[in-house]
Every structure is written in structure tokens, then in C-alpha cells.
2 protein chains.
Amino acid sequence: MNSKELEIYKNIKQAIVHQKLRPNMQLVEKEIAEAFGVSRTPVRNVLRKLSYERLVKIIENKGAFVTWFSVNEAKEVFEMRQILESNAVRYACRLATEEQLREFGKLVEVELNTYQDADYIEAIQMSGKFHLKIAELARNSYFHLYLEDLISQTSVIISIYGESHGKKSTCLHHHHIYNAIQQRDEDLAVKLVIEHLKEIEDTLHFDENLQIPASLSDLFQNKL
Amino acid sequence: MNSKELEIYKNIKQAIVHQKLRPNMQLVEKEIAEAFGVSRTPVRNVLRKLSYERLVKIIENKGAFVTWFSVNEAKEVFEMRQILESNAVRYACRLATEEQLREFGKLVEVELNTYQDADYIEAIQMSGKFHLKIAELARNSYFHLYLEDLISQTSVIISIYGESHGKKSTCLHHHHIYNAIQQRDEDLAVKLVIEHLKEIEDTLHFDENLQIPASLSDLFQNKL
DNA sequence: TAATACATGATTGTATACAATCTCTTATAC
DNA sequence: GTATAAGAGATTGTATACAATCATGTATTA
């Protein structure tokens, strides 16, 4: 992916993760192409990449839509995050250098400060960075590869089923997890990560019948 | 991905996994397009998908090449497989229905028979199916999603560093693992899976300096 | 002879034109 | 009035033409 596509990719992904683009919304190639001053070709490449990350669902001859996660799909995401992150944090405890831990400490500090003048969108971003930092410390690029996607998906899931981001507790949890890693207390760190993920999941209101309409015509099309 | 692209995708992926296309070989768009009687457009889409699966590496303005895995990358693959498969097999023990276990049993039988008239390529395929079946039984689509890729990557890694596939021991291991799952003995199943993966990894000869040339010009380019 | 510059060919990257498909409207028949 | 069919518009899918880039080979010059 070259710089032009990367630019488009980052923008769309951010719009989805920041919940500017809501689940089920259609992403029309031509509109995006015109917005970025390019042809449809690079846009199509970006939409495909996003579909492999499950942030976008492409339906043949219909188009690309921001992914709607069913209750079951959402639970799968949390389950896989628990598996990967509990392993990652264990590896992190064993493998992180003192240098890396200091850097990690700074990140946690910044997150705490960011929370003070809490911008919702910044909170999403900071929280994601925290979790991905643990993946980095674990020294296996697949942790980062997979968790990058799963964490982005979590943002969409939260935008569907709840209002969890930016909670004060998130920051405190992160700080406790950091402390455990810093003291290289594997078992405690794993326990805290699992609890943390559980708490996020528990703030959600899983309603099978919930539907966010992508447009007014969508909302009313069955009522005429 | 539509049926046309799927056809191309399956063919190229199979050629890589079956080691017809060797690591570092270039995949020229035009050649592939002509071979399948299509334009470059769908071929490019397929190559991109394969690059997201890490079977192909795309270098800007140079082209697509079958991925070469470094020793470190190879070890990451095995490490992540151990994490995912040990979890998957645990879930499988808990969640698989009796019906699913019977089906699984048949698969193991077939694998044993296939081994008798052992075709190397069939052995690769059967072994992959076994591992992916466990991912299915675990009832979380991410197991299958991730392991599908990791298992394909393993084939390429074996083609670089060793000659492990099709061993008799593989089949026996699989049978033992199946028995453990069938008896829902989680801890035993996990232990056997970890041992099995370790043994595959141990048959490899990790040589940092190993290089498979993609062509003669590649081989001699540093010697002139 | 060695090094640089230029030209050529091959390959990938992008834009665009056209084909196929789907959706929604309108018209027609019953 | 309802249901079916035809048609227009919008959107995606594919092929192709052209642009950009890279690698190779040749020629020129010191």
C-alpha cells in the first residue's frame, strides 16, 4: 500500500473507529474518490483492505458497508481478545526491557492526563494505544497484527451496543495493569487484563434486535 | 471476492502451499492474467489478498513475490500457533457435540488411509484439515480465520527450512490428539498439541544464511 | 578501462471507459 | 387496487490505455 492509499485508508478507518461512520452505512466508491481527488481504483483497494480487517463488509454488486457486528460476533471478539491479550501480557512481563517499561510508563501517564480534559475521541485512541503497546512488548508481531484489528472492531461494537469508552475506571485499570507488568508479576497482570476486558464487555447492552438504520429510507422501507 | 477471483486465488494459494511456487519467486501480473484469461485487475486483487495472508510480499513498483520467512518470522508463526491451537483444543473439548466428534473421527480415519498411499501433497492438505477442524470445533470464527493463515505459512516455512510433512508420526499424533478430545480430556489434549507443534518445529533446520534463489540471476548477482 | 549518462524494455500504478448488476419507479394488465 | 413487467438511474465489476518506475543494456567520456 503506497502513501496515497495509506492516506485514504487511515482517514476511513479513523472515521469508523471514531464512530463518525456508523455501522451499516454504505461507503460509495465514487464519493470517497472525489473527496480525496483520486480515481475509484485506490479507493477500492482500501475498501478491500478494510473488509479483511472486518471493519467493512463488501457485498457483491451492492457495495461496501461499515460492519454491523451481531451479538455473537461481538462476543467472539471479546473472547479472542482475552485469549490473545492474556498471553501477550504474560510474554510482556517476561520479555520487556527496562527501557521499554519506562516508555510504557510515560504512555500511561499521558493517558491519565488526556483523560482529565476528556475528549471522547482521544480516549478511544489512547485506550487502543495502551493495549497495542502490550502487544508490542510481547515480541511477536502477530499479537500486534491481530489485536490491531480486534481493538478497532471493539470500537465499532461499542458504538452499537454501549457507551463504554472514556470511563474513568478504564484509566485506573490500565494503571494497575502497568504496575503489574512493571513488577513482572505475570499472574496478577493476566488476571487484571481479563477482569478489565470483562468489565468493558459488561458495560454493553447486548440486544439481539437492536438495529441502527443507515438511512431514513432504510428505516422505513418495510413500512410502506 | 467473486467466483472468478476465488478461482485464481485458490490456484495460486494452492501452488504456494504445495510448494510449486517457491519462496522469493516473482508472480508477474500479466503472466497470471493470461494464464487465467482475465485482465490484470482481478489478479491484482488476488495478489493483495495473498499479501494480507503473508503468503506473498508486495514491493512497490517491483511486484509480488512468494514470501520468504526469516528464522525469526518462522519462530513467531510456531509460537502463535501454539497459543491459538492450545486454546482452540481446550475449547473444542468443552464445546464439540457428539455429532461433530463423530465427523472428526472420520476425518482422522481418512487421514490415516491417505497416509498409506502417501502422496506428499495430499499429506500437506490432510494435516492442514486436521488442525483447522479443531479450530472449527472451538466455536469462535477467529480461530479458523487466523489458523488458516498460520497453517498455510507453515507450509512455506517447511519448504524453506525442512522436510517435515508427510511423516508417519504426524498421523499418530493426530490420532492421539483426537482421542484426547473425544474423551474431553482438556489438559492432555493441550499437552499433546503443544508437543506435536514442537516436534514439527524441531524437524526444521533453521539456518540464518539459507537462501533459495528465485532465479539464476538472483543466485549470482553478488558474485560478479 | 572504468564510470557515468542515456535509452530501452519490462513491470507495476492509476485513471477511465464500458459492461453487468441491482434498485426504484412507472406503466400496464388483470 | 394489486401484481407483474419494463425501464431509468445508480453503483459496482472488468478491461484497457496510459503514466510512472525500475532494471538492463549501450554508448559516451575521461
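Chain identifiers are assigned alphabetically (A, B, ...) following the order of the sequence lines, protein sequences preceding nucleic acid strands; residue numbering begins at 1 within each chain.
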Compute the ring centroids of Tyr178(B) and Phe130(B), then answer whether they are less than 6.0 Å apart.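 For Tyr178(B) and Phe130(B), the ring centres are not under 6.0 Å apart.
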Is Glu103(B) salt-bridged to Lys106(B), going by a charged N under 4.0 Å from an acidic O?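 No.
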Does a side-chain N or O from [X] land closer than 4.0 Å to OP1 or OP2 of [N], or not?
X        : N       : answer
Lys30(A) : dG13(D) : no
Gln26(B) : dT12(C) : yes
Thr41(B) : dT14(D) : no

Check each residue of residues 8-15 of chain B for a non-hydrogen atom within less than 4.0 Å of any atom in DNA chain C, then write out the ones that pass by number, or none.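 Per residue number, the list is empty: none.
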Any idea which of [options] is nearest the [X] side chain?
X        : options                   : result
Val28(A) : dT14(C), dT11(D), dA15(D) : dT11(D)
Arg44(A) : dC22(D), dT12(D), dA15(D) : dT12(D)
Ser39(B) : dT21(D), dG13(D), dT14(D) : dT14(D)

Should the pair His196(B) and His174(B) be assigned to parallel (<30°), tilted (30 to 60°) or perpendicular (>60°) ring geometry?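 Perpendicular.
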Mark yes or no for whether Tyr161(A), through its side chain, and Phe69(A), through its backbone, hold a donor-acceptor pair below 3.5 Å.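 Flag set: sc Tyr161(A) to bb Phe69(A) pair under 3.5 Å.
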Say whether, by atom type as modelled, one donor and one acceptor occur between the side chain of Asn140(A) and the main chain of Glu76(B) under 3.5 angstrom.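 Side chain of Asn140(A) to backbone of Glu76(B), a donor-acceptor pair under 3.5 Å: yes, one is there.
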Using a 4.0 Å heavy-atom cut-off across all strands, classify [X] as base, sugar-phosphate, or nothing.
X        : value
Leu27(A) : sugar-phosphate
Glu5(B)  : sugar-phosphate
Leu47(A) : nothing

[X] has an atom [atom1]; how far is it from atom [atom2] of [N], in whole Å?
X        : N       : atom1 : atom2 : result
Ile59(B) : dA10(C) : CD1   : P     : 21 Å
Asn2(A)  : dG13(C) : CG    : C1'   : 8 Å
Glu29(B) : dT14(C) : CD    : P     : 11 Å
Glu31(B) : dA10(C) : CD    : C1'   : 11 Å
Arg40(A) : dA15(C) : CZ    : C1'   : 11 Å
Glu60(A) : dT12(D) : CD    : P     : 13 Å
Asn45(A) : dT14(D) : CG    : P     : 13 Å
Leu6(A)  : dG13(C) : CG    : P     : 15 Å

Specify the residue among Gly37(A) and Lys62(A) whose closest nucleotide of DNA chain C lies further upstream toward the 5′ end.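 Between the two, 5'-proximity favours Gly37(A).
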Which atom names give the shortest non-hydrogen contact between Ala138(A) and Ala88(A), and what distance separates them?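 Taking every non-hydrogen atom into account, CB-O, 3.5 Å.
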Assess the residue pair Asp207(A) and His205(A) against the criterion (side-chain contact (heavy atoms from CB on, under 4.5 Å)); give the C-alpha distance rounded to whole Å, side-chain angles, the decisive distance to 0.1 Å, and a yes or no. CA-CA 6 Å; Asp207(A) 176 357; His205(A) 313 293; 5.8 Å; no
Step by step, would you call Arg48(A) with Glu5(B) a salt bridge (Lys or Arg N to Asp or Glu O under 4.0 Å)? CA-CA 13 Å; Arg48(A) 268 172 181 263; Glu5(B) 286 179 5; 2.9 Å; yes
